[in-house]
Amino acid sequence: MKCLDEIRKFNEERDWDQFHTPENLAKSISIEAGELLECFQWDNNFNKEEVCEELADVTSYCIMLADRLGVDLEEIVLDKLEKTRKKYPIEKARGVSTKYDKL
C-alpha cells in the first residue's frame, strides 16, 4: 500500500513512531473524527477541501493503527463487511435504516 509506505517514511523521518501506541492512535482517530464532524456541525453547507483534509487525517490514523496492530486493513474491512452482510440480508434491509436486531 503506497499510503502506508509514505506514512511510515513520514513518521520515521520525525521519530514519531514512539508516540503511536494503539491507545494513542485510537484516541487520535476519535479526535480527528470529531473534527470531521465539526465540518457539518450546523448545516449541510460544508467546505469540501476541509472535509477531505479531516477525512485524510482519520484515514491516516486508521492505517497507522492497523499497521501497529499487525493487521491487513483491507482484510479486516472485508471480513467485517461479510459479517455485516449476514446481519443485514438484502431482503430485509434494502431501503431501510433499521438496526439489524429490529429487522
Side-chain angles (χ1 to χ4, degrees):
M1 174 187 276
K2 184 177 179 179
C3 285
L4 177 56
D5 293 338
E6 289 299 317
I7 291 169
R8 282 178 176 164
K9 180 181 175 187
F10 180 88
N11 289 326
E12 286 171 12
E13 291 170 342
R14 288 154 183 82
D15 192 26
W16 284 356
D17 285 329
Q18 62 183 314
F19 307 115
H20 295 155
T21 64
E23 178 186 6
N24 286 345
L25 292 168
K27 289 174 187 177
S28 295
I29 291 167
S30 183
I31 291 163
E32 294 298 338
E35 292 178 11
L36 175 60
L37 186 57
E38 189 176 29
C39 294
F40 302 96
Q41 186 171 6
W42 302 114
D43 56 35
N44 196 29
N45 296 321
F46 60 90
N47 179 306
K48 187 174 179 180
E49 183 177 341
E50 289 177 10
V51 169
C52 288
E53 287 185 12
E54 297 305 335
L55 181 58
D57 288 343
V58 172
T59 304
S60 294
Y61 281 119
C62 288
I63 290 168
M64 288 192 294
L65 180 56
D67 186 46
R68 182 55 58 130
L69 294 175
V71 298
D72 181 291
L73 191 56
E74 185 174 353
E75 183 179 317
I76 64 172
V77 168
L78 292 175
D79 287 349
K80 179 63 177 185
L81 184 58
E82 187 57 36
K83 289 177 183 177
T84 305
R85 275 192 178 99
K86 292 174 183 171
K87 285 182 176 179
Y88 293 94
I90 295 169
E91 59 277 0
K92 291 183 179 180
R94 184 170 175 80
V96 297
S97 61
T98 308
K99 189 174 176 183
Y100 70 92
D101 61 350
K102 303 267 194 271
L103 287 174

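When a residue number appears, it is its place in the shown sequence, counting from 1.
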Starting from the C-alpha separation in whole Å, work towards a yes-or-no answer on salt bridge (Lys or Arg N to Asp or Glu O under 4.0 Å) for Lys27 and Glu23.
-> CA-CA 6 Å; Lys27 289 174 187 177; Glu23 178 186 6; 3.1 Å; yes
Out of curiosity, [X] [atom1] to [Y] [atom2], how far, rounded to the nearest 0.5 Å?
| X | Y | atom1 | atom2 | answer |
| --- | --- | --- | --- | --- |
| Thr21 | Leu25 | OG1 | CG | 6.0 Å |
| Leu69 | Ile76 | CG | CD1 | 8.0 Å |
| Lys83 | Lys86 | NZ | NZ | 9.0 Å |
| Leu37 | Ser30 | CG | OG | 10.5 Å |
| Phe40 | Phe46 | CZ | CZ | 5.0 Å |
| Ile7 | Tyr61 | CD1 | OH | 10.0 Å |

What pairs meet the salt bridge (Lys or Arg N to Asp or Glu O under 4.0 Å) rule with one or both residues in residues 7-16, with sequence neighbours excluded?
-> Arg8-Asp67
Can you see which heavy atom on [X] is nearest to which on [Y], and at what distance?
| X | Y | answer |
| --- | --- | --- |
| Met64 | Asn11 | SD-ND2, 3.0 Å |
| Leu73 | Ile63 | CD2-CG1, 3.8 Å |
| Val58 | Ala33 | CG2-N, 3.5 Å |

Mind checking whether Asp17 and Arg68 have side chains closer than 4.5 Å, heavy atoms only?
-> yes
Is any side-chain heavy atom of Lys80 less than 4.5 Å from a side-chain heavy atom of Thr84?
-> yes
Mind running side-chain contact (heavy atoms from CB on, under 4.5 Å) on Lys92 and Thr98 for me, showing each step along the way?
-> CA-CA 9 Å; Lys92 291 183 179 180; Thr98 308; over 6 Å; no
Just wondering, are more than 12 heavy atoms of other shown residues or ligands nearer than 6.0 Å to CD1 in Ile90?
-> no
To which residues is Trp16 joined in a hydrophobic cluster, defined by side-chain heavy-atom contacts under 4.5 Å among Ile, Leu, Val, Met, Phe, Trp and Tyr, whether direct or through other members?
-> Phe10, Phe19
Hey, any chance Ile31 and Ile29 share a hydrophobic cluster, counting ILVMFWY side chains that come within less than 4.5 Å of each other, even indirectly?
-> no
If two hydrophobic side chains count as joined below 4.5 Å and joins carry through other members, does Val96 share a cluster with Tyr100?
-> yes
Qualifying side-chain hydrogen bond (donor to acceptor under 3.5 Å, both in side chains) pairs with a residue from residues 32-54, counting only residues at least two apart or across chains | none
